[in-house]
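In each ligand, atom 1 is the first atom listed, and ligand 1 is the first ligand listed. Quick caveat: nothing in here was measured; it's all calculated off a predicted structure.
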Amino acid sequence: GYVARSAFKLVQIQKQHKLIKPGSSVLDLGCAPGAWLQVACQSLGPLQNGGGFVLGVDLKKVKVPPLHCDSRVHTLSADVMTLPSHHLISLSPKQKGFSVILSDMCPSVSGITTKDAALSVELGMRAFNLAVGKASPVYADDDSSTGVLQVGGHLLIKLLESEDSKEIGQISKPFFTKSTWLRPKATRPSSREIYLICQGLKPHPKI
Ligand code: SAM
């Protein structure tokens, strides 16, 4: 079994978009309790066929190993808002970055709609900035100059729907071959969460 119901969201996204393939190197931001780690590892195919890598990052420690996870799955306890991109790159296979970045990060919900949406946008924006690096038009901070996502790679970001979340969709568009929105069936009807799926990072995006 999966450690959380959220697994079924990634299962559906995988079915429709096949972001993770055998051999993919996956960065899973906000990975605890680890259900997406399970789905990501399964999507890499059998261990004996070789290849593939998953790094999960979360503020919370993941009780490893969740079922279906094997030696290709690694975890790191850290705050993604302050984690430098070069550190993530140093942890990637051959220091070449990742071919898939997933962000299921969300703030602990306060119930105040506008506050939750703003925090969710901050986390989503951080995932986007880490992925594309200094090419980001909203790039702000620290030493993260190199994008962590490989050219041709895919980026998935969970957001709470708001005007600002739509803006991330607009900002990301020129960077990718294709970008779409998806509301998984496993999402509770009352929830405003929605996933931005960006496929095929372009080498030299024209912004
Ligand atoms: N995808 C996970 C799974 O399937 O098990 C569930 C993720 S849960 C909905 C959201 C996670 O985002 C929480 O575990 C939370 O600790 C994490 N998170 C929120 N802000 C974070 C941050 N700044 N850095 C790292 N993780 C963060």
Is there a polar contact between ligand 1 and Val3, counting only N or O atoms under 3.5 Å apart?
no
Are any of the side-chain nitrogens in Glu193 or Lys9 under 4.0 Å away from the carboxylate oxygens of its partner?
yes
Of all protein heavy atoms, the one nearest atom 10 (C) of ligand 1 is Asp104 O, 3.4 Å
Of the side chain and backbone of Cys31, name the one, both, or neither that has a heavy atom under 4.0 Å from an atom of ligand 1.
backbone
Which protein non-hydrogen atom lies closest to atom 19 (C) of ligand 1, naming both residue and atom, and how far is it?
Cys106 O, 3.3 Å
Indicate yes or no: does an N/O atom of Gly34 lie under 3.5 Å from an N/O atom of ligand 1?
yes
So between Ala4, Ala32, Ala127, whose heavy atom ends up nearest atom 2 (C) of ligand 1?
Ala32
Among Val39, Asp58, Leu59, Val62, which one has a heavy atom closest to atom 15 (C) of ligand 1?
Asp58
Describe, in one word, how the ring planes of Phe53 and Phe98 are oriented to each other, choosing from parallel (under 30°), tilted (30 to 60°) and perpendicular (over 60°).
tilted
With a 6.0 Å cut-off (strictly less than), is the heavy-atom count around CZ of Arg5, excluding the residue itself, greater than 12?
no
For Pro33, which part has a heavy atom under 4.0 Å from ligand 1: side chain, backbone, both, or neither?
both
Lys/Arg N to Asp/Glu carboxylate O, Asp70 vs Arg72, below 4.0 Å:
yes
Test item: Lys21 side-chain N/O and Lys18 main-chain N/O as donor-acceptor pair under 3.5 Å:
yes
Can a side-chain donor-acceptor contact be found between Gln12 and Gln16 if the only test is distance below 3.5 angstrom?
yes
Is it the case that the side chain of Gln199 and the backbone of Ser179 share a donor-acceptor pair, with hydrogens and angles ignored and the cut-off at 3.5 Å?
no
What is the distance from atom CZ of Phe128 to atom CD1 of Ile168, rounded to the nearest 0.5 Å?
8.5 Å
Backbone or side chain, does any N or O of Ala35 fall under 3.5 Å from an N or O of ligand 1?
yes
Which protein non-hydrogen atom lies closest to atom 4 (O) of ligand 1, naming both residue and atom, and how far is it?
Ser6 OG, 2.7 Å
Identify the protein heavy atom lying closest to atom 24 (N) of ligand 1, giving its residue, its atom name and the separation to 0.1 Å.
Val80 N, 2.9 Å
Hey, is Ala78 one of the residues with a heavy atom under 4.0 angstrom from ligand 1?
yes
Would Asp79 count as being in polar contact with ligand 1, using the rule that some N or O on each side must be under 3.5 angstrom apart?
yes
Have a look at ligand 1 and work out which part of Leu123, if any, has a heavy atom under 4.0 Å from it: side chain, backbone, both or neither.
side chain
